[in-house]
Amino acid sequence: MLLAHETELSQASYYEASVVRPAASAAQAGRSTTGVCVIGAGLAGLSAALELAARGYRVTVLEARQVGWGASGRNGGQAIVGYASDAAIEAQLPAADARRAWELTVEGLRLLRERIATHAIDCDFKAGFLSLAVNRSKGRALAGWIQHLQHAYGYPLQAIPAAEMRQWIASERFHSAAFDPNSGHLHPLKYCLGLAAAARAAGVVIHENSPVTQLLRGAKPVVATAHGEVVCDFVVLAGNVYLNEFGHAIAPELSARIMPVGTYIVATDPMGEARANALIPSRAAACDTNFVLDYFRLSADHRLLFGGGVSYSGATPRNLAAGMRQRMLRVFPQLADLALSHTWGGFVDITLNRAPDFGRLDGNLYYLQGFSGHGLVLTGMAGKLVAETIAGQAERFDLLARIKHRPFPGGALMRMPALVLGMLYYRLRDIL
Ligand SMILES: Cc1cc2nc3c(=O)[nH]c(=O)nc-3n(C[C@H](O)[C@H](O)[C@H](O)COP(=O)(O)OP(=O)(O)OC[C@H]3O[C@@H](n4cnc5c(N)ncnc54)[C@H](O)[C@@H]3O)c2cc1C
């Protein structure tokens, strides 16, 4: 069901149109052995592979389609500090641990910049991120959040009052904002392909077009594909919402705790440097603070990449491009003359409380999921933490693995309708 339109949505992206992929790597075949088998060549799997290789492990990555085919190669490119819900983490962890959890995301941003520099990944990174409040009451909430981050985590954000908004963004839609010079944005597929190249250079074997169809658990797990199997000591499950969609369920116990929520992006034709600079003078990434949010940024070739619009049913919305254009023009009516060049989307793996869901099964299987739309930075740390754990230092991984998650209500059949109802409530709250 999830896979119905996925390849179309992936192929249609501006990102795919603006990279030259290396030739596809050979599909897995025959019987091989390795130290760690990673399932999924998105940012989480590749980050784990790179970090494990750096610690001396033999690593094989099995990817059903292509490197970055999933969310990692299609996302909004917003590299943001923090979690989708800091409140969920603060509700479960003592204050000192919540602070350590926050600091992991600050380290994640540093890690991202370091990797770009160390591996010379040309991915158009640009620093700066704006959180935008659409009205006075959201503005008050945003001001409270700025204070909270300063007070609880010592993390400073610049408050932008209503009177100064036009210096930051050429839109009447927003009341006030917060600016974070530390977060930023990048071309996610270029970054993902860069990580894959770095992993290969470090000795990691990546097999594309190799869906894992079965996982036999045990002291020496066996990971099966259509044409062979990999025997290993550890498995890292980094398949996002797709993990159980190819062949047999790989880890069915993980599915109920994440829900695939579709989100979509359009790219405009290039508008020229001067016009782009006038639209968002800092060229920061931007995102409003609504529950069903709009997020946007300028590309290096001066397009607006505008994301938003969600689907909770797993189906691609009808008239997607027209609907997204309407959303974009609500923010920037002055772009009415620009055509849309690309429309695409993918699934975000949300958890019920929007905190990440990391953990282990059977002692030698680790899973990384539930990034809840905040994966660009957090996947990097997820890979680092799982590598630390396999190498014997589980403390930082366990900090996040301690966070408890409830399954989505309604079981396999009813959880989509239940989510739709729940989300309608939040959408109404945004409108009201
Ligand atoms: C449209 C969109 C916009 C987003 N915008 C942002 C943003 O601006 N900022 C942000 O921080 N986050 C954003 N996100 C979320 C972010 O992209 C994800 O959290 C992150 O990329 C997840 O990485 P991943 O490696 O876990 O999953 P993925 O990138 O989805 O990778 C999983 C891979 O595993 C493979 N796989 C799955 N099952 C199997 C199997 N059985 N056998 C072999 N391979 C398998 C899949 O083919 C896939 O390539 C967005 C997501 C979407 C979809």
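In each ligand, atom 1 is the first atom listed, and ligand 1 is the first ligand listed.
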Would you mind listing which atoms of ligand 1 come within a distance below 4.0 Å of any non-hydrogen atom of [X]?
X: Gly42; result: 25 (O), 29 (O), 31 (O)
X: Tyr295; result: 1 (C), 3 (C)
X: Leu376; result: 10 (C), 11 (O), 12 (N)
X: Leu62; result: 43 (C), 44 (N)

Nearest heavy atoms of Tyr264 and Gly345, plus distance in Å: CD2-CA, 3.7 Å

Do [Y] and [X] meet the salt-bridge criterion of a basic N to acidic O distance under 4.0 Å?
X: Arg65; Y: Glu16; answer: no
X: Glu51; Y: Lys384; answer: no
X: Glu107; Y: Arg396; answer: yes
X: Arg297; Y: Asp124; answer: no
X: Asp97; Y: Arg402; answer: yes
X: Asp122; Y: Lys190; answer: no

Any Ile39 heavy atom less than 4.0 Å from ligand 1: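 Heavy atoms of Ile39 do come under 4.0 Å of ligand 1.
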
Per [atom], closest listed option by heavy atom ([options]):
atom: atom 51 (C) of ligand 1; options: Leu43, Val348, Leu378; answer: Val348
atom: atom 6 (C) of ligand 1; options: Leu186, Leu46, Asn75; answer: Asn75
atom: atom 18 (C) of ligand 1; options: Ala285, Gly383, Ala71; answer: Ala71
atom: atom 27 (O) of ligand 1; options: Asn240, Leu305, Ile350; answer: Asn240
atom: atom 32 (C) of ligand 1; options: Gly375, Ala238, Gly345, Ala79; answer: Ala238
atom: atom 43 (C) of ligand 1; options: Gly76, Ala64, Ser372, Pro188; answer: Ala64

Give me the residue, atom name and distance of the protein heavy atom closest to [atom].
atom: atom 35 (C) of ligand 1; result: Glu63 OE1, 3.2 Å
atom: atom 24 (P) of ligand 1; result: Ser72 OG, 3.8 Å
atom: atom 36 (N) of ligand 1; result: Gly239 CA, 4.0 Å
atom: atom 53 (C) of ligand 1; result: Gly346 C, 3.4 Å
atom: atom 10 (C) of ligand 1; result: Gly373 O, 3.2 Å
atom: atom 26 (O) of ligand 1; result: Phe371 CE1, 3.5 Å
atom: atom 9 (N) of ligand 1; result: Gln78 O, 2.8 Å

Residue pair Tyr14 / Asp301, side-chain donor-acceptor N/O under 3.5 Å: yes

Side-chain donor-acceptor pair present, Tyr367, Arg257, cut-off under 3.5 Å: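 Arg257 and Tyr367 do have a side-chain donor-acceptor pair below 3.5 Å.
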
Arg327/Asp294 under salt bridge (charged side-chain N to carboxylate O under 4.0 Å, His left out): CA gap, chis, key distance, verdict: CA-CA 8 Å; Arg327 282 186 88 105; Asp294 289 336; 2.7 Å; yes

CD (Gln158) with more than 12 external heavy atoms under 6.0 Å: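 For Gln158, atom CD is crowded (more than 12 foreign heavy atoms under 6.0 Å).
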
N or O pair under 3.5 Å between Ser210 and ligand 1: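 No: no nitrogen or oxygen of Ser210 is under 3.5 Å from one in ligand 1.
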
